[in-house]
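Working notes, beginning with the structure itself.
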Amino acid sequence: HLEADAVLLPNDEQELGNEFGKTYVKGKAWCTLPLPLDTGLPVHLNGAFELSSNRRDLWQGKDMSGGGSIRVQWNEVLLRDVFAPAYAGILQAVPKLLNTKRMLDNANAWHCFFPRSSQELNGIWSMVASSVYHLIVESSAPSLFCIAQNGMWVSPTESVLASLPVKVQDVSTSDAPPGDMFTNDILHVRVRKALLNDGVRVVSVSQSMAQSLRPLLEPKNFLTASMVRNYFRIEPGPDMLDRKNSLKNGILSKKQNISDLLAFCLNDFMDLQGFGDPEDTFIVASLQKALHSVFIVPLVNQSLIGEFCDPSNRSVLSLLLPDTQQRHLLQSFCPDILIDCHEEENPHLYSILTKLARTAAVNVRLVDAISLAWTLRSFLPDAWVSMKGIEWTPGENNHPTEEWMQRLWNYLSAREIDLDVFEGICLVPVKGGKMLALEKQSSIIGSEKRGDSIAALLSELGCNVI
């Protein structure tokens with residue numbers, strides 16, 4: 001009987017088709033002659049089954065006894081120990097016969113010949129699916145096709161499985177405007193493409209196939225936010241700088257890639273109740289653990305990449321998330337710590353980062369009076385924060401220009417910011433080419449509504465006139 005058992009697949013490459021999710025073979029069961037049974041598998045099975053008297057069904061069920069129980073056991077052994085190994089063997093043998101270059105246009109179609117998950121199959125046929133996937137994973141033989149590096153065959157254990165609904169599996173990233181992540185599915189496609197271009201062995205599979213393999217593989221084998229975070233996590237070590245340079249000059253060299261990957265990394269927190277609340281200790285602790293040492297923050301200085309760190313570490317600079325007005329003020333002043341994310345261009349990512357900053361879980365801060373004062377103290381020349389007055393040479397010796405100083409005061413005035421936090425910083429330009437420190441008690445007099453003669457007289461009396 002066993003010599004007659006067979007698993008049948010199409011023998012013409014054209015029958016593979018070229019659309020993901022289309023199964024061109026509706027699997028039938030045969031017992032020498034075809035039976036009126038749809039197996040739910042994408043292959044035909046021909047064997048010496050134990051059949052009902054009218055040849056319309058297999059003996060199956062758990063409530064059998066006597067001869068009926070033996071017939072059920074026979075069918076189960078036939079499916080589990082004969083058909084499943086034969087089916088798995090075909091899926092591992094056929095790749096050796098296929099042209100790799102031609103498979104680049106048919107990669108998704110090949111995966112259609114893998115069984116659906118056991119939960120989607122009826123009755124006795126489900127054991128074929130579960131057994132096939134167990135055998136494929138245990139053997140570690142290349143059976144999945146990956147389009148990275150001009151195409152390669154890989155085993156499930158060395159791949160990253162990306163599953164999406166059929167309708168978006170092959171969506172071109174050109175269909176979505178830059179920066180517009182209008183659905184998580186489109187974002188998923190972009191991230192998959194970016195990782196493939198970086199050499200990651202991402203394999204596109206159906207959701208059903210991913211569901212079948214999930215219990216058999218490790219989390220690193222699935223394209224998830226956690227997997228991407230770990231890909232960009234760089235722990236201190238001898239290879240740290242080389243790894244950072246490799247990422248910066250590779251996958252992170254494109255601004256769109258960084259935005260997409262960062263949004264993907266944070267997406268699993270977006271829908272959690274409490275995300276954005278610094279009082280939610282569970283969310284804060286989860287964010288700290290998930291984002292620690294992840295090297296993926298886009299900065300205005302595009303030659304640099306920011307890294308998420310513990311905000312309590314005083315040796316780590318905070319990364320500032322500005323709004324539009326703050327960005328215009330600070331982008332030329334401190335581009336090395338300014339996050340490059342426009343709220344108009346990428347509202348989705350900006351919203352995520354804003355909530356992240358509010359949790360204070362990592363070194364991302366919104367720009368407020370305190371952080372602005374800290375930034376001025378950190379990036380202005382030392383004399384500007386240590387002396388009561390300095391000679392101001394606009395645009396020279398790292399001194400701010402007149403235009404920038406005007407922009408700063410316009411901002412402080414428009415936001416009605418309390419100036420107490422800026423006390424001691426030289427920010428008040430006075431006649432004579434000087435810049436004086438802000439003080440609560442000072443001899444600085446505004447020059448508005450006063451003529452030049454009055455201003456000159458006040459200066460002779462020892463007053464500093466703005």
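Nearest approach of I337 to L299, heavy atoms of both residues: C-CD2, 4.4 Å. Between V362 and F308, the shortest heavy-atom contact is CG2-CD2, 3.8 Å. Minimum heavy-atom separation, P219 to M227: O-CB, 4.4 Å. Across all non-hydrogen atoms, the minimal contact from I352 to F275 is O-CZ, 3.8 Å. The two residues P298 and L262 have their closest heavy-atom pair at CD-CD2, 3.5 Å. Here the closest heavy-atom approach between residue T32 and residue N46 is recorded as N-OD1, 3.1 Å.
Under the 4.5 Å side-chain criterion, counting only non-hydrogen atoms from C-beta, N363 is not in contact with L317. In this structure the side chain of L366 never reaches within 4.5 angstrom of the side chain of D368, judged on heavy atoms. By the 4.5 Å heavy-atom criterion applied to side chains, E343 and T354 are not counted as neighbours. The shortest side-chain heavy-atom distance between F333 and L338 does not fall under the 4.5 Å cut-off. Side-chain contact between L161 and L144: present, with at least one pair of heavy atoms (C-beta onward) separated by less than 4.5 Å. The closest side-chain heavy-atom distance from T375 to V367 is not below 4.5 Å. Side-chain contact between L356 and F269 is absent, with no heavy-atom pair separated by less than 4.5 Å. Looking only at side-chain heavy atoms (C-beta outward), S117 and Q211 come within less than 4.5 Å of each other.
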Trace of the side-chain contact (heavy atoms from CB on, under 4.5 Å) decision for L266 with L291: CA-CA 9 Å; L266 297 171; L291 297 177; 3.7 Å; yes

Stepwise side-chain contact (heavy atoms from CB on, under 4.5 Å) test for I305 and K244: CA-CA 9 Å; I305 302 293; K244 286 185 175 182; over 6 Å; no

Residues V205, S163; criterion side-chain contact (heavy atoms from CB on, under 4.5 Å); working and verdict: CA-CA 5 Å; V205 298; S163 61; 4.2 Å; yes

side-chain contact (heavy atoms from CB on, under 4.5 Å) between S206 and F114, intermediate numbers included: CA-CA 10 Å; S206 66; F114 284 72; over 6 Å; no

Verdict with supporting geometry, R229 and D268, salt bridge (charged side-chain N to carboxylate O under 4.0 Å, His left out): CA-CA 11 Å; R229 287 194 291 264; D268 54 346; 3.1 Å; yes

Step-by-step side chain to side chain donor-acceptor pair (under 3.5 Å) determination, N410 to R407: CA-CA 5 Å; N410 287 343; R407 191 180 296 137; over 6 Å; no

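Salt bridge absent: R358 and D277 never bring a charged side-chain N and a carboxylate O closer than 4.0 Å. Residues D323 and R415 are paired through a salt bridge, judged by an N-O separation under 4.0 Å between the basic side chain and the carboxylate.
For F264 and H188, the gap between ring centers is short of 6.0 Å. Taking the six-membered ring for Trp and the full ring otherwise, the centers of F49 and F83 sit less than 6.0 Å from each other.
Interatomic distance, OG of S253 versus CG of D198, reported as 9.0 Å (0.5 Å rounding). Between the CH2 atom of W374 and the CZ atom of F422 there is a distance of 13.5 Å, given to the nearest 0.5 Å. With rounding to the nearest 0.5 Å, the separation of OG1 in T157 from CD1 in I136 is 11.5 Å. Separating the CE atom in M127 from the CG atom in L121 is a distance of 11.5 Å, to the nearest 0.5 Å. How far CG of L408 is from CH2 of W404: 4.5 Å, rounded to the nearest 0.5 Å. The distance from the CG atom of N197 to the CG atom of N257 is 7.5 Å, given to the nearest 0.5 Å.
Of the listed residues (M209, E158, H111), just one forms a side chain to side chain contact (heavy atoms under 4.5 Å, CB included) with V203, and that residue is H111. Checking each of Q119, R116, E120 against S208 for a side chain to side chain donor-acceptor pair (under 3.5 Å) leaves exactly one that passes, namely E120.
Put simply, the side chain of Y133 gets close to the backbone of P115: a donor and an acceptor are under 3.5 Å apart. Between the side chain of S351 and the main chain of P347, no donor-acceptor pair closer than 3.5 Å is present. Judged purely by atom type and a 3.5 angstrom limit, N221 has no side-chain atom pairing as donor or acceptor with the backbone of V160. Under the 3.5 Å distance criterion, the side-chain polar atoms of W110 are left unmatched by any main-chain donor or acceptor of P95. At distances below 3.5 Å, not a single donor-acceptor pair connects side-chain atoms of R377 with backbone N or O atoms of I425. A distance-only check finds a donor-acceptor pair linking the side chain of H134 to the backbone of S130 [under 3.5 Å]. Judged by distance alone, the side chain of N301 and the main-chain N or O of S303 form a donor-acceptor pair under 3.5 Å.
More than 12 non-hydrogen atoms from other residues, nucleotides or ligands lie less than 6.0 angstrom from CD1 of I417. The number of heavy atoms from other shown groups lying within 6.0 Å of CG (N150) does not exceed 12. The number of heavy atoms from other shown groups lying within 6.0 Å of CG (N249) is above 12. The number of heavy-atom neighbours closer than 6.0 Å to NZ of K254, taken from other residues, nucleotides and ligands shown, is 12 or below. Atom CG of D382 has 12 or fewer neighbouring heavy atoms from other residues, nucleotides or ligands inside a 6.0 Å radius. Surrounding CD of Q273 are at most 12 heavy atoms belonging to other residues, nucleotides or ligands under 6.0 Å away.
H342 and R327 are linked by a side-chain donor-acceptor pair at a separation below 3.5 angstrom, with hydrogens and angles left out of the test.
Judged by the 6.0 Å distance and 45° axis criteria, R243 is positioned over the aromatic ring of Y231.
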